[in-house]
Protein chains: 2
Amino acid sequence: MEKKSRESTGFLIKQRAFLKLYIITNIENGRWYGLQLLDELRKEFKPLGFEPQHSEVYRALHELEDEEEILTKVRIKVEGAKRKEVIVYKIKDSEKAKAYKKLVKIDIDRSEQLLRKALGENF
Amino acid sequence: MEKKSRESTGFLIKQRAFLKLYIITNIENGRWYGLQLLDELRKEFKPLGFEPQHSEVYRALHELEDEEEILTKVRIKVEGAKRKEVIVYKIKDSEKAKAYKKLVKIDIDRSEQLLRKALGENF
DNA sequence: AGATGAACAGCATGTTCATTT
DNA sequence: AAATGAACATGCTGTTCATCT
């Protein structure tokens, strides 16, 4: 049986891509693990009413590793009262990272134009 | 059985609300029927890569009539090679229309801030 | 409890079908 | 065919559950 896929009508950028962009940028500036990224992103966006879910962050990380092949993970042992091991991500292919961010930028620019157009034409 | 509804994490504005805003504004400036609005909206947004679906426009119209109670419809007979009757909408409650648009504006402003923030922090 | 991952479920919306003129 | 509407299907993502330390 063929799986029939859906067309996008091209409305606004999807949450997944938006999160991937932030995740890449954060990891470009240091190593991070999943829940750490979640906390950071929530803190960043909470003032704007956006509080992403932990599963979305993990899904983004998994796809950046397996599909986009931009990240790799390393298991790190941690001393302290928390978990003994944590999965830290780092950039695997910075060219791919750069290319991916470029694509996302185009989509964000486009999305912003849609919103600006609406603000200009309806108010 | 209780139907358990989902929380929104507050990412970007939904297509439905975005279309409702344009539909209200168009109808404030004259009478329109469904497919006519669809054509107009597609023409407007196509340059930005967005081509809404006819069913979304109808769903928006139905909700603006039945849930928001902002519009009413009138059946109009049309002379010509097309359909004999067409369902034209007009504003029923302009105060509610105004209030609804105000809410949508807040959500668009918020969405735009999210996108601008991303543009500023990742590039 | 903190961290990760996956299964499950609901919702927004895309696709297709039916009906009427 | 133009117009409307509804049923059906799918993908995104929120919720819940499981496992490990």
Side-chain angles (χ1 to χ4, degrees), chain A residues 1-20 23 31-42 50-67 71 73-89 107, chain B residues 1-20 23 31-42 50-67 71 73-89 107:
Chain A
M1 271 301 174
E2 276 308 307
K3 194 165 174 190
K4 53 190 78 166
S5 61
R6 270 176 112 143
E7 289 283 310
S8 164
T9 51
F11 189 51
L12 304 177
I13 188 173
K14 295 286 183 298
Q15 181 185 171
R16 184 85 44 92
F18 185 90
L19 291 180
K20 282 177 179 171
I23 288 171
R31 299 188 171 187
W32 294 76
Y33 64 92
L35 273 206
Q36 213 176 18
L37 283 161
L38 178 68
D39 287 344
E40 171 67 13
L41 295 171
R42 284 194 165 174
F50 173 41
E51 289 189 78
Q53 223 59 30
H54 83 274
S55 45
E56 258 311 283
V57 171
Y58 285 121
R59 281 187 283 244
L61 283 168
H62 299 159
E63 288 186 12
L64 285 171
E65 188 192 5
D66 301 332
E67 296 178 28
L71 302 180
K73 63 183 167 210
V74 189
R75 291 174 175 277
I76 298 286
K77 300 205 183 300
V78 177
E79 300 303 318
K82 300 186 179 182
R83 217 197 197 214
K84 292 274 164 53
E85 248 183 26
V86 126
I87 296 177
V88 159
Y89 288 84
D107 206 16
Chain B
M1 270 304 175
E2 276 307 306
K3 194 166 174 190
K4 54 190 74 169
S5 62
R6 272 176 110 143
E7 289 284 311
S8 165
T9 50
F11 189 51
L12 304 177
I13 188 172
K14 296 285 182 298
Q15 182 185 173
R16 184 85 46 91
F18 185 90
L19 291 179
K20 282 177 181 173
I23 288 171
R31 297 187 174 190
W32 295 76
Y33 65 91
L35 274 205
Q36 215 177 15
L37 283 162
L38 178 69
D39 287 346
E40 170 67 14
L41 295 172
R42 284 194 166 174
F50 174 40
E51 289 190 77
Q53 224 58 33
H54 83 274
S55 45
E56 257 311 283
V57 171
Y58 284 122
R59 280 187 282 245
L61 283 168
H62 298 158
E63 288 186 12
L64 284 171
E65 189 193 3
D66 299 332
E67 296 178 27
L71 303 180
K73 64 184 166 210
V74 189
R75 293 174 174 277
I76 298 287
K77 299 204 182 300
V78 176
E79 299 304 316
K82 303 188 177 179
R83 212 191 202 219
K84 292 274 164 52
E85 246 183 27
V86 125
I87 296 177
V88 158
Y89 288 85
D107 206 17

Separation of [X] atom [atom1] from [N] atom [atom2], in whole Å?
| X | N | atom1 | atom2 | value |
| --- | --- | --- | --- | --- |
| L37(A) | dG2(C) | CG | P | 17 Å |
| E51(A) | dT13(D) | CD | C1' | 15 Å |
| L64(A) | dG5(C) | CG | P | 13 Å |
| L35(B) | dT20(C) | CG | C1' | 14 Å |
| Q53(A) | dA9(C) | CD | P | 17 Å |
| E67(A) | dG11(D) | CD | C1' | 13 Å |
| L38(B) | dG5(D) | CG | P | 13 Å |
| L61(B) | dA3(D) | CG | P | 14 Å |

Presence of Y58(B) side-chain N/O under 4.0 Å of dT4(D) phosphate oxygens OP1/OP2: yes
Please determine whether a side-chain nitrogen or oxygen atom of Y33(A) lies at a distance below 4.0 Å from atom OP1 or OP2 of dA3(C). yes
What pairs of donor and acceptor atoms, side-chain ones from residues 34-41 of chain B against any protein atom, are under 3.5 angstrom apart with sequence neighbours left out?
residue, atom, partner, partner atom, Å
Q36(B), OE1, Y33(B), N, 3.0

Starting the side chain at C-beta, find the nucleotide from [options] nearest to [X].
| X | options | answer |
| --- | --- | --- |
| S55(A) | dG5(D), dT13(D), dA6(C) | dA6(C) |
| R59(A) | dG5(D), dA7(C), dG5(C) | dA7(C) |
| V86(B) | dT4(C), dG14(D), dA3(D) | dA3(D) |

Students often mix this up, so state it plainly: with edges at 30° and 60°, are the rings of F50(A) and F18(A) parallel, tilted or perpendicular? perpendicular
Could you list the residues that satisfy salt bridge (charged side-chain N to carboxylate O under 4.0 Å, His left out) with K73(A), not counting sequence neighbours? E65(A)
List the residues meeting salt bridge (charged side-chain N to carboxylate O under 4.0 Å, His left out) with E51(B), not counting sequence neighbours, and say none if there are none. K46(B)
5'-most contact on DNA chain D: R6(A) or K73(B), nearest heavy atom basis? K73(B)
Using the test side-chain contact (heavy atoms from CB on, under 4.5 Å), find all partners of S55(B) that sit at least two apart in sequence or belong to another chain. Q53(B), R59(B)
Identify, with sequence neighbours excluded, every residue that meets side-chain contact (heavy atoms from CB on, under 4.5 Å) alongside E63(A). R16(A), K20(A), E67(A), E68(A)
Counting only non-hydrogen atoms, which of residues 8-18 of chain B are less than 4.0 Å from DNA chain C? K14(B), Q15(B), R16(B)
Heavy-atom closest pair (P52(B) atom, Q15(B) atom, distance to 0.1 Å) is CB-OE1, 3.9 Å
With heavy atoms under 4.0 Å as the rule, sort E7(A) into base, sugar-phosphate or nothing. sugar-phosphate
Under 4.0 Å, counting only non-hydrogen atoms across every strand here, what does H54(A) touch: a base, just sugar-phosphate, or nothing? base
